[in-house]
Amino acid sequence: MDKHRIALILNQIGMLLELKGESFFKSKAYYDGARTVELLEEDLEILISENRLKEVKGFGEALTSKVTELVATGRLLYYEKLKEEIPGGLLEMMRIPGMGAKKVKAVYDNLGISSVEDLKLACLGNKLAGLHGFGAKSQIKILEGIESLGKYSGQFLFPIAMELASKLVAALKDSGLVIRCSEGGSLRRRKETVKDIDILASSNDSSAVMEYFSRLPLVIGVNSKGDTKTSVTLANGINADLRVVEDTQYPYALHHFTGSKEHNTALRHLAKQEGIKMNEYGLFRGDNEELVICHSEEEIFKVFGMQFIQPELRENNGELEAAREGKLPELVKGEDVQGVFHIHTIYSDGSNTIEELAKACISRGYSYMGVSDHSLSAYYAGGMKKEGIKRQHEEIDRLNLKYSSFKIFKGVELDILQDGNVDYDDEILSLFDFTIASVHSRFNMDEEKLTERVIKALKNKYVTILGHPTGRLLLSREPFVSNLDEIIKAAAEERVVIEINTNPHRLDLDWRFCKPAREAGCRFVLSPDAHSIDELDDMKYGINVARKGWLTAEDIINTRTAADVCKILASK
DNA sequence: GCCGTTTTCGGCCCGACTGTTTTCAGTCG
């Protein structure tokens, strides 16, 4: 059983226990366990077979035996019994904004409501108002919550949220009411999808800022409004929270509201051990709570003897320990990138000519690009036949002469066929400087077969890059089920470069796997999978992923010069 | 349910806002 599924079950156990009315800390143990499993770098089966799962922090007797049962049998009796006790609709009800375990339990215990649909009817029938802790407003809020649950998935792609956040920050800065202002939360941590927009500002007149913010044209509704915190809804359904603090509090608050929650919890725990109380308003030392003055986030980390931790790394994924030991990596930056791979042209389903794309790359400061149109079996995308390849290569040769300081690499995006072969013979494959092998069809194979299929492609001596390794489309298509650990191991052994596809819908490889892949010895390429000139600019989203995945310029081949890239491609 | 130089029991991070309360519980981040 794959670890996402296990994490999901542990999470559900936590929720079910809350619904049962058990101690929250018991639930928290399961929530923490779910997160730990999700971020586990070692193979769960190996941990279990070597009897080392209980050494993992947060895993005691109960969690160890439950996860062991799940991995061994694919089932968990304890979980199944819990599900029998508590109707599934209650879990669904907990997704409604404003409905937590206590409230769901209250309507279930008192009114027997066990589904979102029943809850809706009860609100419309004014049945909730009599319940202790519920009133007329609660019913309206719940109805609105149910509506938004259906209308929006509740998650937004990074670029959409970031664009809105930038507008809000710009408007606040223009207002003259704020001293400092920035986005925070998961946006500042550059997560691939976000639930809401967090903005932090410092000001001498917070209520004026709140007033100004809640009246911005982008705002369609105000959810809550206080002196220091206001929450609004924007036109596309995304919520934006603004927190305002005094300017001296800004660095502490910026750290606090950047999160993640898990990073904050872990750092606060460390602080407490050193006799320091930590909240959004400051660091307070000792019994008399003397303020430890910090002018920046850098200084906050310094108090704990740590290097500055970049926001992207703040996921409680080992960054605190590394920062303390001075072992944080020097993360890759946008300006490190010297060239772009995985570009489609009019030779298949791209909309620009090779020369147009070359000029666009040159104007963006790149010194090379790798063209990779679709191969034969991608008939839906106009995959290239032998004659097309010949024409394309002649054109590239001409352009390479014309633009002497810019290099165009000849490549192709191959389909990994169902049997793991690729769709050109060796004679054709030998014509390319590089090849990207990707799965484009037949995602529904079982895990073992799909893993074998991909690994067989990696072993092909002409395959240099593994394209979008999981096939996921954020918020619309799940990654296909494969054993990524095995694939990563094979990629390292076969010296196949792993793509970080920078299309904001893909961002594949996922940052969560970049760190372990790096440790396994893999190299990466950032590639926009561009089908037009505009999409070349998606590279910045890939930089976010690489940084969140602890990658340095060293780990990424297109931070090298064209000459070095030639050597790397030839080395397979 | 987990954990421990405060250690086998008693904590477990901390604060803002809402809607319901007449001082606070629940939710959220």
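Given the structure is predicted, the values throughout are model-derived calculations rather than measurements. Proteins come first, then strands; the chains are lettered A, B, ... in the order of their sequence lines, and each starts at number 1.
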S.K.: From CG of A:Leu19 over to C1' of B:dT27, roughly how many Å is that when rounded to an integer?
M.R.: 14 Å
S.K.: Just call it for A:Ala129: base, sugar-phosphate, or nothing, with non-hydrogen atoms closer than 4.0 Å on any strand.
M.R.: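 A:Ala129: no heavy atom of the nucleic acid under 4.0 Å.
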S.K.: Under 4.0 Å, counting only non-hydrogen atoms across every strand here, what does A:Asp227 touch: a base, just sugar-phosphate, or nothing?
M.R.: sugar-phosphate
S.K.: Can you tell me which nucleotide in B:dC17, B:dA16, B:dC2 comes closest to the side chain of A:Arg243?
M.R.: B:dA16
S.K.: Whole Å only: how far is the CG atom of A:Leu10 from the C1' atom of B:dG1?
M.R.: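 After rounding, the reported distance stands at 12 Å.
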S.K.: Could you check whether A:Leu17 gets within reach of a base, just the sugar-phosphate, or nothing at all, counting any heavy atom under 4.0 Å?
M.R.: nothing
S.K.: Quick one: is B:dA16 close enough that its OP1 or OP2 comes under 4.0 Å of any side-chain N or O from A:Tyr281?
M.R.: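 For A:Tyr281, the contact criterion (side-chain N or O under 4.0 Å from OP1 or OP2 of B:dA16) is met.
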S.K.: Determine whether A:Arg324 and A:Leu270 make a side-chain contact, defined as any pair of heavy atoms from C-beta on separated by less than 4.5 Å.
M.R.: yes
S.K.: Can you tell if the side chain of A:Gln310 reaches within under 4.5 Å of the side chain of A:Arg547, non-hydrogen atoms only?
M.R.: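 Touching, per the 4.5 Å side-chain cut-off.
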S.K.: Measuring only the C1' atom in each nucleotide, how far is B:dT23 from B:dC17? A whole number of Å is fine.
M.R.: 16 Å
S.K.: May I ask you to check whether A:Glu192 and A:Trp511 show a side-chain donor-acceptor distance below 3.5 Å?
M.R.: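 Judged by distance alone, the side chains do pair up.
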S.K.: At less than 4.0 Å, is any side-chain N or O atom of A:Ser138 found next to OP1 or OP2 of B:dT20? Yes or no.
M.R.: yes
S.K.: How long is the line joining CD of A:Glu61 and C1' of B:dG1, in whole Å?
M.R.: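 My rounded result for the distance is 11 Å.
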S.K.: In chain order, what residues pass the salt bridge (Lys or Arg N to Asp or Glu O under 4.0 Å) check against A:Arg285, with sequence neighbours excluded?
M.R.: none
S.K.: So what does A:Ala271 touch, heavy atoms closer than 4.0 Å: a base, only the sugar-phosphate, or nothing?
M.R.: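 Since no nucleic acid heavy atom lies under 4.0 Å of A:Ala271, the category is nothing.
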S.K.: Whole angstrom is fine here: how far is it from CD in A:Glu22 over to P in B:dC2?
M.R.: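 In whole Å, B:dC2 P and A:Glu22 CD are 13 Å from each other.
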S.K.: Answer yes or no: does a side-chain N or O of A:Lys277 lie under 4.0 Å from OP1 or OP2 of B:dG15?
M.R.: yes
S.K.: Counting side-chain heavy atoms from C-beta on, which of B:dG29, B:dC12, B:dT27 comes nearest to A:Lys103?
M.R.: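 Nearest nucleotide to the side chain: B:dT27.
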S.K.: Hey, does A:Asp196 reach any base, or is it just sugar-phosphate, or nothing, if we go heavy atoms under 4.0 Å?
M.R.: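 It contacts sugar-phosphate atoms only.
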S.K.: Can you tell me the distance, in whole Å, between the NZ atom of A:Lys137 and the C1' atom of B:dC17?
M.R.: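 Atom-to-atom, A:Lys137 to B:dC17, this comes out as 12 Å.
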S.K.: Carefully, step by step, assess A:Leu283 and A:Phe304 under the rule side chain to side chain contact (heavy atoms under 4.5 Å, CB included).
M.R.: CA-CA 11 Å; A:Leu283 300 179; A:Phe304 301 107; 4.2 Å; yes
S.K.: Please check the phosphate of B:dC17 (OP1 and OP2 only) for any side-chain N or O of A:Thr228 closer than 4.0 Å.
M.R.: yes
S.K.: Contact class for A:Phe24 vs. all strands (heavy atom < 4.0 Å): base, sugar-phosphate, or nothing?
M.R.: nothing
S.K.: Whole angstrom is fine here: how far is it from NZ in A:Lys28 over to P in B:dC12?
M.R.: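 So the two atoms are 11 Å apart, to the nearest Å.
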S.K.: Quick one: is A:Lys105 getting a side-chain N or O under 4.0 Å of the B:dG26 phosphate, OP1 or OP2?
M.R.: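 Answer no for this pair, as no side-chain N or O of A:Lys105 is under 4.0 Å from OP1 or OP2.
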S.K.: B:dC12 and B:dT20: how far apart are their C1' atoms, nearest whole angstrom?
M.R.: 28 Å
S.K.: Identify the nucleotide, in any strand shown, that forms a Watson-Crick or G-U wobble pair with B:dC28, with both distances under 3.5 Å; if there is none, say none.
M.R.: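 B:dC28 is paired, partner B:dG15.
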S.K.: Using whole Å, what does the distance between atom P of nucleotide B:dG1 and atom NZ of A:Lys66 come to?
M.R.: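 That distance rounds to 5 Å.
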S.K.: On DNA chain B, compare the nucleotides closest to A:Lys229 and A:Asp241; which residue's is nearer the 5' end?
M.R.: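 Result of the comparison: A:Lys229.
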S.K.: How many whole angstroms separate atom CZ of A:Phe134 from atom C1' of B:dT20?
M.R.: 11 Å
S.K.: With C1' as the reference atom in both, quote the distance from B:dC2 to B:dT8 in angstrom, rounded to an integer.
M.R.: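 Those two atoms are separated by 12 Å.
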S.K.: May I ask you to check whether A:Asn126 and A:Gln139 show a side-chain donor-acceptor distance below 3.5 Å?
M.R.: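 On atom types as modelled, these side chains qualify, holding a pair under 3.5 Å.
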S.K.: Between A:Lys272 and B:dT6, is there a side-chain N or O to OP1/OP2 distance below 4.0 Å?
M.R.: no
S.K.: Taking the same atom, C1', in B:dG26 and in B:dT21, what whole-Å distance lies between them?
M.R.: 12 Å
S.K.: Could you say whether A:Lys102 or A:Tyr30 is positioned toward the 5' end of DNA chain B, judged by the nucleotide with the nearest heavy atom to each?
M.R.: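 Whichever sits nearer the 5' end wins; that is A:Tyr30.
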S.K.: Assign A:Lys54 to base, sugar-phosphate, or nothing according to its heavy-atom contacts below 4.0 angstrom with the strands shown.
M.R.: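 If one applies the 4.0 Å heavy-atom cut-off, A:Lys54 turns out to touch nothing in the nucleic acid.
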S.K.: Can you check whether A:Leu484 reaches A:Asp510 side chain to side chain, under 4.5 Å on heavy atoms?
M.R.: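 No. Closest side-chain heavy atoms not under 4.5 Å.
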